[in-house]
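Written below as structure tokens is the structure these notes are about.
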Amino acid sequence: MTASDTDPLVRVRGLNVTFAQKRLLGPTRSVRAVHDIDFDIGRGETLGLVGESGSGKSTTGRALLRLVPVESGSVQLAGQELTKLRGGELRKLRAAMQMVFQDPYSSLDPSTTVGASITEPFRVHQGLSRNQAWPRVLELLELVGLPASHANRYPYEFSGGQRQRIAIARALALHPKLIVCDEAVSALDVSTQNQVINLLEELRAEFELSYLFIAHDLAVVRHIAHRVAVMYLGRLVEVGPAERVYERPAHPYTEALLSAIPVPNPQRAGERERIVLHGDLPDPADPPAGCPFQNRCGYAMDICRESMPPMTEVADGGTVACHLQTTGPRLAGAVLRDANLSVGSGQ
Amino acid sequence: MSDHAIEHPQAPGLRRFLRRFRTNRTALVAAVVLALVTIISLSAPLLAPYSLHEIDVPNRLSGPTPEHWLGTDSLGRDTLSRLMYAGQVSLAAAGLAVAIAIVLGVPLGLLAGYRGGVLDWLLGRGADVLMTFPAVVLAMAIIAATGPGLTNAMIALGVVYSPRLFRVVRSATLSVRQETYVEASISIGTPALSIIARRILPNVLSPLLVQISLMLAAALLAEAALSLLGLGVVPPTPSWGGLLGVGFTEIRTTPLLVWLPGIAIAITTLSFNLIGDGLRDALGRETRKGD
């Protein structure tokens, strides 16, 4: 996507999100869920955001839409700063950015018909009554591949994939520029995943939508994303074109994540080296000094325990935060798996 | 579904609720009984064979006769007529107490559950304090202070009952608040009041309605207890509890005077309770099942 370089739709700089856990006695425990994140999303571009559970992916998506409080940093949508908006101004701008949630079983109000749920954006932003908005509700249902005749049905009458289509219809109602898909297909079975992903792709092409596609399933992300951002413990560790990140990961964590993608052909599964990470994600309330990945990294060096690696350019596009790319001089720019190092592979 | 049907949005919820409530025989019968009791009480001026205070001295303390279907009391007043009028007072008293409880408990419960934080804490402690008052004893104290009269007592009862609704609504709101569809509404940009009214309230309605119908039963009994003790309605105004109290003096000669208001109270209370059960079943989250 060439447009993304010149005029990004979304521009995130130095985003921090901190959750404070107040206690009656003792000090407040605070968790920095998102830590100094920078990224852009171009118009019509899909940015895949991957990482394990608890890495801050969903929080990043929610912070973009101001669904969780932003501690500091800047989020711009089409040049407009979102973090400073208050009350009514923010509500007005919400029409331009929508979200599709992970769980299609709880993202639709069970007490009302799906038609009424899709009416909500029209009611709130255009002041239309249910009767006035109805023709557009029916159009939207057809757009996402559901019969208009289902508008008066309740969510419980639909399957997970159908509900996700309804949630997409609701998100599309006001022609947003950005849709954050938070694990939007994770709860669906594989064949339904494909249908929903294809639908998202068609809609992106038709309406020039941009997606922030949050997922832990790397195979899905590869299919849909133009660029991929990898998160670990609240930080972005690698960003780059999907092709490059998948073929030549620059960060050891990305490499480990990729090695965990199941190989469809069981006979070929043995051919690949599986990197097994030991240990757990460090306590986000008490992150280690230096690189957050040091305690699980097969390449950890002394410097990794001392300072957080800066973001550096990678040869084939994108950026990475790893000392291997900066201070490990002989390794700089080299593909990780070529390095003759003892990788903590499965024992 | 025909093409005609989809041309218009359907009022959500109501039809589904009616369909499910109808299949519950017991609750349906209870609703019909309650409706009859209410209609008969409200149309007492039209239906009652005698006026409220009409005295038929020669026929006092009579059993059922063709003139007085349910007999007369010690002053010769027609029991059937007095029961009808008494129903108005008793139902209105119960309704008043519950209405006060709803007005206080429901909005505050929604607010506390939705906003949380300090407000929730303050309201919760306030509710705790109110909960420590025994309802009927407090009502008695109010009557002792203001003199006999049902209105003040029922307002007091409503205030003391309100924490029950507050708690039910607050806890249901807390769980609905976590649902993704509320976050979806926030991300659409729906104002908080609209979210509370359109997303939260319909989804906390089922425990609320159940509580309300049980509370109506409790308020009816509380009114009966107060009036029985002579603390509620001031004679000669009748209420079911009042009739019961007056009937006590004649229990040896005409037990019917105790039986009839007692049965009225029992039937109405039972109806409220059975309707509560039916509502709980009909409003519960719909699950997939073969119809």
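In what follows, chains carry the letters A, B, and so on, assigned in the order in which the sequence lines appear, proteins first and then strands, with residues in each chain numbered from 1. If you're wondering where the values come from, they're calculated on a predicted model, not measured in any experiment.
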For this session: Report the option among A:His125, A:Gln102, A:Arg91 that has the most heavy-atom pairs separated by less than 4.5 Å from atoms of chain B.
Result: A:Arg91
For this session: Decide if atom CZ of B:Arg25 counts as having more than 12 heavy atoms of other residues, nucleotides or ligands within a radius under 6.0 Å.
Result: no
Exercise. So what's closer than 4.5 Å to chain B heavy atoms on A:Leu108: side chain, backbone, both or neither?
Worked result: backbone
Problem set entry | Set of residues satisfying salt bridge (charged side-chain N to carboxylate O under 4.0 Å, His left out) with respect to B:Asp277, sequence neighbours excluded | B:Arg280
Got a list of side-chain donor-acceptor pairs under 3.5 Å for residues 166-181 of chain A, not counting sequence neighbours?
from, atom 1, to, atom 2, distance (Å)
A:Arg170, NH1, A:Ser107, O, 3.2
A:Arg170, NH2, A:Ser107, O, 2.8

Exercise. Under the salt bridge (charged side-chain N to carboxylate O under 4.0 Å, His left out) rule, what pairs show up with a residue in residues 204-224 of chain B, not counting sequence neighbours?
Worked result: none
Seminar exercise, completed: Checking heavy-atom separations under 4.5 Å from chain A, one finds in residues 183-202 of chain B B:Glu183, B:Ala184, B:Ser185, B:Ile186, B:Ser187, B:Ile188, B:Gly189, B:Thr190, B:Pro191, B:Ser194, B:Arg198, B:Arg199, B:Pro202
Seminar exercise, completed: So, the part of A:Arg66 with a heavy atom under 4.5 Å from chain B: the answer is neither
